[in-house]
Amino acid sequence: MRRFYASASQFSGNSIELDADETRHLRDVLRLTSGDNVSVFNGTGQEFECSILEIGKRTARLVLVGEIPAASPESPLDITIAPTVLNGDRYDLIVQKAVELGVTTLVPLITIRCEMKAADAGRRLSRWRRIALEATKQSGRAKIMEIVEPQTLDRGLADAEKSTAILFSERDGANLPQKLNGKTITAFYGPKGGWDDSELDLARSLGVSIVTLRGRILRAETASIAITAILQHRFGDLN
């Protein structure tokens with residue numbers, strides 16, 4: 001079935017009203033009509049089979065048939081990734097693949113060697129969130145990955161104090177731990193050119209693990225995607 005998104009405010013009893021964008025996609029792109037069955041997810045983990053009742057110019061009204069499992073279940077690993085912001089469409093790729101890999105939260109990170117200023121990164125938030133929504137539809141997840149406001153490294157490290165925090169570095173790090181304390185992890189990925197010495201010192205002072213994966217030289221966007229996959233394989237459900 002075709003998948004659509006509706007927030008909790010669009011649910012009323014056993015009825016759902018799609019917004020203008022979803023209605024346009026349903027009507028003009030997919031050419032669906034009244035009586036067709038579709039699935040609708042609410043962004044918080046639930047998905048429902050629905051039947052189309054009527055299609056208007058700006059809204060479509062659906063009726064709930066019943067709750068169904070999402071095609072892609074959520075990982076038992078609550079993973080937040082904080083990749084340093086990159087220029088161009090390379091960060092778009094990180095956002096898309098993070099959704100596919102089951103990431104819970106993405107923190108756009110502003111570091112000393114970051115290629116983009118915080119204000120410019122903030123202006124790209126809506127774009128990244130649209131990419132995350134489309135990736136959610138395509139990947140079969142029913143929970144939308146949260147993308148928070150851009151943060152500096154010191155703020156990100158402070159916010160990660162209640163989870164297992166790991167800062168991945170191309171140098172001066174140890175091996176990836178074999179086990180986690182709990183099922184919550186925050187992974188920090190550095191910029192092109194690597195971390196500044198002061199940033200590594202800050203992480204150490206806060207007791208954050210610094211990990212170096214040896215054997216490959218990876219572009220920043222490749223490292224973010226590859227390491228996230230490794231974390232889901234080691235500690236999550238990608239096996």
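The analysis underlying the following values was restricted to heavy atoms, covering all of them including side chains, and did not include hydrogens, waters or symmetry mates.
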Going through the checks in order, is the salt bridge (charged side-chain N to carboxylate O under 4.0 Å, His left out) test met by E149 and R155? CA-CA 11 Å; E149 295 283 338; R155 168 68 185 279; over 6 Å; no
Please assess R31 against D36 for the test salt bridge (charged side-chain N to carboxylate O under 4.0 Å, His left out), listing each intermediate value before the final yes or no. CA-CA 10 Å; R31 306 285 187 179; D36 288 339; over 6 Å; no
Please lay out, stage by stage, how D78 and K183 fare under the test side-chain contact (heavy atoms from CB on, under 4.5 Å). CA-CA 6 Å; D78 183 355; K183 279 291 186 178; 5.8 Å; no
Assess whether side-chain contact (heavy atoms from CB on, under 4.5 Å) is satisfied between F168 and I230, documenting all intermediate values. CA-CA 12 Å; F168 288 90; I230 291 170; over 6 Å; no
One pair to check against side-chain contact (heavy atoms from CB on, under 4.5 Å): H25 and L30. What are the steps and the verdict? CA-CA 6 Å; H25 186 67; L30 300 177; 3.7 Å; yes
From CA spacing to verdict: side-chain contact (heavy atoms from CB on, under 4.5 Å), L218, E170: CA-CA 9 Å; L218 305 176; E170 80 287 355; over 6 Å; no
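Grouping the Ile, Leu, Val, Met, Phe, Trp and Tyr side chains by contacts below 4.5 angstrom, directly or via other members, places V103 apart from I225. The hydrophobic cluster containing L238 does not contain I227, counting ILVMFWY residues as joined when their side-chain heavy atoms lie under 4.5 angstrom apart, directly or transitively. In the hydrophobic clustering of ILVMFWY residues, with side-chain heavy atoms under 4.5 Å counting as a link, V95 and L109 come out apart. One hydrophobic cluster, built from ILVMFWY side chains closer than 4.5 Å, holds both F48 and V38. Under a hydrophobic clustering in which Ile, Leu, Val, Met, Phe, Trp and Tyr are joined whenever their side-chain heavy atoms come within less than 4.5 Å, directly or via other members, I131 and L133 fall into different clusters.
The SG atom of C50 sits 9.5 Å away from the CG atom of N14 when rounded to the nearest 0.5 Å. Between the CZ atom of R129 and the CD atom of E146 there is a distance of 8.0 Å, given to the nearest 0.5 Å. Remark: L153 CG to T111 OG1 distance equals 7.5 Å, nearest 0.5 Å. Going from atom NZ of K179 over to atom OG1 of T164 covers 13.5 Å, rounded to the nearest 0.5 Å. To the nearest 0.5 Å, atoms CG (D19) and CZ (F4) are separated by 11.0 Å. Between the CD1 atom in I81 and the CD1 atom in I185 there is a gap of 11.0 Å [rounded to 0.5 Å].
Shortest non-hydrogen contact noted between V208 and A165 is CG1-O, 3.6 Å. Among all heavy-atom pairs drawn from V65 and S51, the shortest one is CG2-N, 4.0 Å. Contact between I52 and T33 at its shortest, heavy atoms only, is CD1-O, 3.6 Å. When every heavy atom of I112 is checked against every heavy atom of E199, the shortest pair comes out as N-OE2, 2.9 Å. Summarising the geometry of S169 relative to T212, their closest heavy-atom pair is O-OG1, 2.9 Å, with the distance given to 0.1 Å. Shortest non-hydrogen contact noted between L200 and I210 is O-CD1, 3.8 Å.
Side-chain contact check for P177 versus I166: some heavy-atom pair is nearer than 4.5 Å. Side chains of D197 and R171 form a contact here, defined as non-hydrogen atoms less than 4.5 Å apart. A heavy-atom distance below 4.5 Å is found between the side chains of V211 and L213. In this structure the side chain of S12 never reaches within 4.5 angstrom of the side chain of E17, judged on heavy atoms. I94 has its side chain within reach of L106: a pair of non-hydrogen atoms, C-beta onward, lies under 4.5 Å apart. Using a 4.5 Å cut-off on side-chain heavy atoms (C-beta onward), Q232 and D237 make contact. Side-chain atoms of R124 and D92, non-hydrogen and from C-beta on, do get closer than 4.5 Å to each other. For the pair T228/K97, no side-chain contact is recorded, criterion being any heavy-atom separation below 4.5 Å from C-beta on.
D159 contributes no side-chain N or O that, together with a main-chain N or O of G156, makes up a donor-acceptor pair within less than 3.5 Å. Y91 contributes a side-chain N or O that, together with a main-chain N or O of P83, makes up a donor-acceptor pair within less than 3.5 Å. Using a distance-only test at 3.5 Å, with no hydrogens or angles considered, a donor-acceptor pair links the side chain of Q10 to the main chain of S7. Between the E22 side chain and the Y5 main chain, a donor and an acceptor come within less than 3.5 Å of each other. Side-chain atoms of R141 never come within 3.5 Å of backbone atoms of E74 as a donor-acceptor pair (strictly under, hydrogens ignored). Judged by distance alone, the side chain of E47 and the main-chain N or O of A142 form no donor-acceptor pair under 3.5 Å. A donor-acceptor contact shorter than 3.5 Å links the side chain of T84 to the backbone of Y189. Not a single donor-acceptor pair under 3.5 Å links the side chain of R3 to the backbone N or O of F41. Looking at S139, its side chain never comes within 3.5 Å of a backbone N or O of E100 through a donor-acceptor pair. Proximity of a side-chain donor or acceptor of R113 to a complementary backbone N or O of G193 within less than 3.5 Å is detected.
The 12-atom threshold is exceeded at CG of D28, counting heavy atoms of other residues, nucleotides or ligands nearer than 6.0 Å. In R204, the CZ atom is crowded: over 12 heavy atoms of neighbouring residues, nucleotides or ligands sit closer than 6.0 Å.
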